[in-house]
Amino acid sequence: MRRGWKMALSGGLRCCRRVLSWVPVLVIVLVVLWSYYAYVFELCLVTVLSPAEKVIYLILYHAIFVFFTWTYWKSIFTLPQQPNQKFHLSYTDKERYENEERPEVQKQMLVDMAKKLPVYTRTGSGAVRFCDRCHLIKPDRCHHCSVCAMCVLKMDHHCPWGNYPVFALSSMSFFFSLWPACFLSAL
């Protein structure tokens with residue numbers, strides 16, 4: 001009975017953490033919406049008197065605003081790349097690995113399994129990189145994202161302001177969402 005409570009509490013905390021991880025994204029969206037209101041309505045439409053100047057400011061701002069919005073949402077909603085199924089341990093290999101108590105035998109088992117995989121990067125001690133949570137032999141530049149609870153190929157870091165891991169496919173969107181944000185904040 002006690003174990004059920006612990007699992008329910010753990011699941012509840014995990015759910016709360018998932019919901020709260022979207023708070024920074026909500027903050028960014030609210031700041032962007034506020035800046036849109038302040039720039040377009042308060043500055044351009046109310047303060048600036050020249051119609052030609054209004055048009056130039058509005059066209060420039062909207063071009064950068066649309067580019068920022070597109071790249072920010074693209075970087076948030078690009079799904080992380082995970083390793084192929086061939087890097088995951090089979091059920092029998094996983095059982096054998098978990099039942100083995102000697103670390104040196106476990107290391108040798110991973111070396112034998114990794115021989116048929118394109119894995120070149122090793123740990124500092126020369127062992128094959130292995131993810132205990134995902135039960136897979138890590139390919140090169142693969143890291144486990146503790147926030148997303150998955151291994152991600154070519155992962156750089158987990159961005160709390162977008163609630164996504166920055167990896168090979170999302171890094172360009174991440175970069176291109178930074179410079180318009182800087183430019184918009186300077187306007």
Flag the pair V32 / F68 as yes when at least one side-chain heavy-atom distance between them is below 4.5 Å, and no otherwise.
yes
With no hydrogens and no angle check, is any side-chain donor or acceptor of D93 less than 3.5 Å from a backbone partner on L89?
no
Indicate if W73 and Y36 have the same hydrophobic cluster label, given that clusters are the connected sets of ILVMFWY residues with side-chain heavy-atom separations under 4.5 angstrom.
yes
In the structure I gave you, are the side-chain heavy atoms of T123 and V128 within less than 4.5 Å of one another anywhere?
no
Do V40 and V55 share a hydrophobic cluster (ILVMFWY, side-chain heavy atoms under 4.5 Å, transitive)?
no
Return the NZ to CZ distance between K107 and R102, rounded to the nearest 0.5 Å.
14.0 Å
Mark yes when over 12 heavy atoms from residues, nucleotides or ligands other than K154 sit less than 6.0 Å from its NZ; otherwise mark no.
no
Considering all heavy atoms, the nearest P165-V152 contact
CG-CG2, 4.2 Å
Which pairs with one or both residues in residues 126-150 pass ring pair (Phe, Tyr, Trp, His ring centres under 6.0 Å), sequence neighbours excluded?
Y97-F130
Just wondering, are more than 12 heavy atoms of other shown residues or ligands nearer than 6.0 Å to CZ in R122?
yes
Can you check whether Y164 reaches C145 side chain to side chain, under 4.5 Å on heavy atoms?
no
Would you say the side chain of E98 lies within less than 4.5 Å of the side chain of K94, judging by non-hydrogen atoms?
yes
Here the pair of heavy atoms bringing R17 nearest to S146 is NH2-O, 3.0 Å
Testing the basics here: between G162 and Y72, what is the closest heavy-atom pair and its distance to 0.1 Å?
CA-OH, 3.9 Å
Check whether any side-chain heavy atom of L136 lies under 4.5 Å from a side-chain heavy atom of C151, and answer yes or no.
yes
Angle between ring planes, W70 versus F67, binned at 30° and 60°: parallel, tilted or perpendicular?
tilted
S75 OG to N163 CG distance, which is reported to the nearest 0.5 Å
11.0 Å
Quick one: do W22 and L33 end up in the same hydrophobic cluster if we chain Ile, Leu, Val, Met, Phe, Trp and Tyr together by side-chain heavy atoms under 4.5 Å apart?
yes
Quick check: closest heavy atoms across C134 and H88, and the distance to 0.1 Å?
O-ND1, 3.7 Å
Applying side-chain contact (heavy atoms from CB on, under 4.5 Å) to K86 and L117, what does each step give before you reach the verdict?
CA-CA 8 Å; K86 66 183 178 182; L117 297 172; 4.0 Å; yes
Can you give me every donor-acceptor pair (side chain of residues 76-85, partner residue at least two apart or in another chain, under 3.5 Å) with its distance?
from, atom 1, to, atom 2, distance (Å)
T78, OG1, K74, O, 2.4

Quick one about Y39 and H62 (side-chain donor to acceptor, distance below 3.5 Å, no hydrogens or angles considered), yes or no?
no
Hphob cluster co-occupancy, F65 + F41, side-chain heavy atoms under 4.5 angstrom:
yes
Return yes if some donor-acceptor pair links the side-chain N/O of D140 with the main-chain N/O of Y120 below 3.5 Å, else return no.
yes
Could you tell me whether the side chain of I137 reaches within less than 4.5 Å of the side chain of R129, counting heavy atoms only?
no
Nearest 0.5 angstrom please: M150 CE to M155 CE, how far?
10.0 Å
Exercise: identify the closest heavy-atom pair between C142 and L153
CB-CD2, 4.1 Å
Same apolar cluster: L110 and V105, side chain cutoff 4.5 Å
yes
Would you give me the side-chain donor-acceptor pairs under 3.5 Å for residues 42-51, sequence neighbours excluded?
from, atom 1, to, atom 2, distance (Å)
E42, OE2, Y37, OH, 2.5
T47, OG1, E42, O, 2.8
S50, OG, E53, N, 3.4

